[in-house]
Amino acid sequence: MLDMQRIRENPDAITQATINKKSPVAIDELLELDSRRKNIIQEVEQLKNVRNERSQDVARLKKEKKDATELIDSMKQVSEKIKDLDIEQKKIEDEMYAIQIRIPNVPHSTTPHGNCEKDNVVVAQWGEKPVFNFKLKDHIELGTSLGIIDFPRGAKISGAGFPVLKGMGALLERALLNFFLDIHTVKNGYTEVFPPFLVNEASLFGTGQLPKSREQMYYIGDDDLFCIPTAEVPVTNLHRDEVLEMKDLPVKYCAYSACFRREAGSYGKDTKGYLRVHQFNKVELVKIVEPSTSYLEHESLRNDAESILKALGLHYRVLSLCDADLSFAAAKCYDLEAWAPGEGKFLEVSSCSNFEDFQARRMNLKYRPGAGEKPRFAHTLNGSGLATARIIVAILETYQTEQGTVRVPEVLQKYMNEIVEIKPT
RNA sequence: GGAGGAAUAGGAUAAUGGUAAUCCAACGGUCUUGAAAACCGUCGUGCGCAAGCACUUGGGGGUUCGAGUCCCUCUUCCUCCGCCA
């Protein structure tokens with residue numbers, strides 16, 4: 001949600017931004033409604049002023065035991081008029097709101113301009129592509145032959161896109177999540193949160209998934225709840241409709257959650273294996289910050305996510321997403337992509353976004369700059385730190401040996417009962 | 001799932017249907033070497049340079065000239081009963 005004042009002052013720039021972001025919105029229509037609304041407000045507030053004053057007169061007359069019938073009768077017309085105007089105003093505001101909630105966030109000045117994901121800019125690389133002197137297996141072969149990922153049985157009990165982890169696979173998953181949480185809580189200063197995995201509509205509106213991406217989520221109609229697509233939703237919404245104190249900023253949360261995505265419309269894309277699944281695990285990082293610090297906090301958020309990839313010894317690159325590829329709510333976003341040798345491509349394992357005050361406006365999340373000062377909207381950020389499904393792919397494929405086993409990255413060994421190699425069972 | 005009760009500003013508390021009073025906390029000031037105390041002021045939101053105006057008693061509707069108050073409805077919390085990992 002954008003500030004109406006900002007839209008009034010920069011209509012052309014915002015119209016262009018919505019086009020660049022591939023979600024054009026009729027800003028001129030919105031401004032037309034805005035000026036109609038202004039006129040109505042002027043008229044109705046004047047009438048309300050009359051009503052308030054005459055009501056006081058009625059009270060005075062009654063107190064003095066005088067007749068107020070005439071005054072009361074004359075006020076009936078005014079009240080009728082107010083009622084009509086109120087309805088008219090509400091109608092216009094509803095129309096405005098319907099447009100406003102579909103305006104995407106405006107990209108930050110440092111966000112590159114482009115037409116599609118091919119125009120994303122590589123801003124950093126770490127490590128090098130590992131070199132192998134034997135024929136590589138992909139994670140499906142490795143996972144199956146090692147007996148740690150079971151695709152067919154997952155399909156049997158739930159459906160395609162619900163693989164089952166077993167034995168060392170399940171342990172690896174658990175080790176990764178614990179490792180992520182330990183790094184972020186102990187080393188990076190985040191407070192751990194264990195959120196609900198089902199949320200209501202208001203929460204999804206707050207972070208921007210609704211109304212635009214309804215079809216991407218699992219919905220439980222009997223209770224009007226949605227399965228979360230990311231822990232970003234419950235965690236950012238923890239402070240919805242709140243005013244935070246300056247001393248509590250920046251708020252830094254990390255949270256494990258399962259993530260549920262229907263992936264509607266992505267059929268034919270990454271259908272095989274563990275690359276695009278309906279349920280995966282992720283540790284999410286969420287920050288609520290003072291606006292002037294948000295871009296510094298964005299860089300440090302990216303650093304925190306990168307530190308995990310470095311510790312795991314995975315080759316990766318960092319993309320700055322172009323405006324066309326930026327999500328609805330984001331002003332700027334870095335994608336972290338880990339190299340998967342078996343696939344021969346980079347896999348997105350983290351998305352670090354700065355939403356500025358876009359989400360904060362939608363969820364009414366404010367902070368008080370100082371004692372006695374008026375509350376202002378905070379800035380919110382989040383990033384994966386990290387998502388496991390694809391990290392497991394990268395690990396299996398990067399650390400595979402000629403014998404078909406997989407070496408365990410050193411930092412994970414203490415989380416895996418000191419096992420150093422995953423062998424077939 | 002059933003039966004009761006409750007919700008007023010950061011907290012606490014008032015208001016015969018007549019337009020939200022008061023206390024505490026917080027903040028600014030006076031006084032003071034400094035602090036405390038005392039005293040004065042600010043202390044829900046929006047618009048406005050301002051004067052001011054409008055809005056605000058958990059959310060949404062209704063009755064009324066006028067609703068914190070009456071009616072309907074939803075939400076949350078508390079107590080009890082039932083069910084349950």
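Numbers restart at 1 for each chain; the letters A, B, ... are given by sequence-line order, proteins then strands. Any value given below was found using the heavy atoms of this structure, including those in side chains, with hydrogens, waters and symmetry copies removed.
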Sequence neighbours excluded and cut-off under 3.5 Å, please list the side-chain donor-acceptor pairs for residues 243-260 of chain A, or say none.
{"from": "A:Lys252", "atom 1": "NZ", "to": "A:Asn188", "atom 2": "O", "distance (Å)": "2.8"}
{"from": "A:Tyr253", "atom 1": "OH", "to": "A:His239", "atom 2": "NE2", "distance (Å)": "2.8"}
{"from": "A:Tyr256", "atom 1": "OH", "to": "A:Asn281", "atom 2": "OD1", "distance (Å)": "2.7"}

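- Nearer the 5' end of RNA chain B, as judged by each residue's closest nucleotide, is the contact made by A:Lys366, out of A:Lys366 and A:Asp73.
- In this structure, A:Lys212 and A:Ser23 have side chains that are in contact, with non-hydrogen atoms separated by less than 4.5 Å.
- On the P atoms, B:A7 is 14 Å away from B:C71, given to the nearest whole Å.
- Taking each heavy atom of A:Arg153 and A:Val164 in turn, the nearest pair found is C-CG2, 4.5 Å.
- The salt bridge (Lys or Arg N to Asp or Glu O under 4.0 Å) test applied to A:Asp335 returns no partner, not counting sequence neighbours.
- Between the side chains of A:Lys187 and A:Ser307, no donor N or O sits under 3.5 Å from an acceptor N or O.
- Other residues, nucleotides and ligands contribute over 12 non-hydrogen atoms within 6.0 Å of the CD atom of A:Glu421.
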Test side-chain hydrogen bond (donor to acceptor under 3.5 Å, both in side chains) applied to A:Thr388 and A:Glu173, step by step
CA-CA 7 Å; A:Thr388 53; A:Glu173 178 84 5; 2.6 Å; yes

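- B:U19 and B:U57 are spaced 16 Å apart, taking the P atom of each and rounding to whole Å.
- Between the P atoms of B:A15 and B:U22, the separation comes to 15 Å (whole Å).
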Report the C-alpha separation of A:Glu43 and A:Asn39 in whole Å, then their side-chain angles, then the decisive distance to 0.1 Å, and conclude whether the side-chain hydrogen bond (donor to acceptor under 3.5 Å, both in side chains) test is met. CA-CA 6 Å; A:Glu43 190 179 352; A:Asn39 290 336; over 6 Å; no

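- Rounded to the nearest Å, the gap between the P atom of B:G66 and that of B:C55 is 12 Å.
- Here, B:G10 and B:A38 have their C1' atoms 25 Å apart, quoted to the whole Å.
- Rounded to a whole angstrom, the distance from the P atom of B:A37 to that of B:A25 is 8 Å.
- Cation-pi geometry between A:Arg174 and A:Tyr415 is not met at under 6.0 angstrom from the ring centre and within 45 degrees of the axis.
- Using a 4.5 Å cut-off on side-chain heavy atoms (C-beta onward), A:Phe180 and A:Leu386 make contact.
- The closest side-chain donor-acceptor pair between A:Gln359 and A:Glu232 falls under 3.5 angstrom.
- Looking at A:Glu299 and A:Asn303, their side chains never bring a donor and an acceptor atom within 3.5 Å of each other.
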For A:Leu396 and A:Ile149: C-alpha separation, side-chain torsions, deciding distance, then whether side chain to side chain contact (heavy atoms under 4.5 Å, CB included) applies.
CA-CA 11 Å; A:Leu396 293 182; A:Ile149 308 181; 4.1 Å; yes

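- For the residue pair A:His278 and A:Ala160, the shortest heavy atom distance occurs at CD2-O, 3.1 Å.
- Heavy-atom contacts of chain A under 4.0 Å fall on RNA chain B between two terminal nucleotides, which in 5' to 3' order are B:G18 to B:G66.
- Residues from residues 82-92 of chain A that place a heavy atom under 4.0 Å from any atom of RNA chain B, listed by number: A:Lys83.
- Comparing B:G5 with B:G11, their C1' atoms sit 22 Å apart, to the nearest whole Å.
- Across B:A26 and B:A20, the matching P atoms stand 28 Å from one another, rounded to whole Å.
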Dot-bracket assigned to RNA chain B with the 3.5 Å Watson-Crick/G-U criterion, [ ] for crossing and | for other-strand pairs, is (((((((..(((.....[...))).(((((.......))))).((((....))))..(((((..]....))))))))))))....

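- Residues from residues 48-65 of chain A placing a heavy atom under 4.0 Å of any atom in RNA chain B, listed by number, are A:Lys48, A:Asn49, A:Arg51, A:Asn52, A:Ser55, A:Gln56, A:Val58, A:Ala59, A:Lys62.
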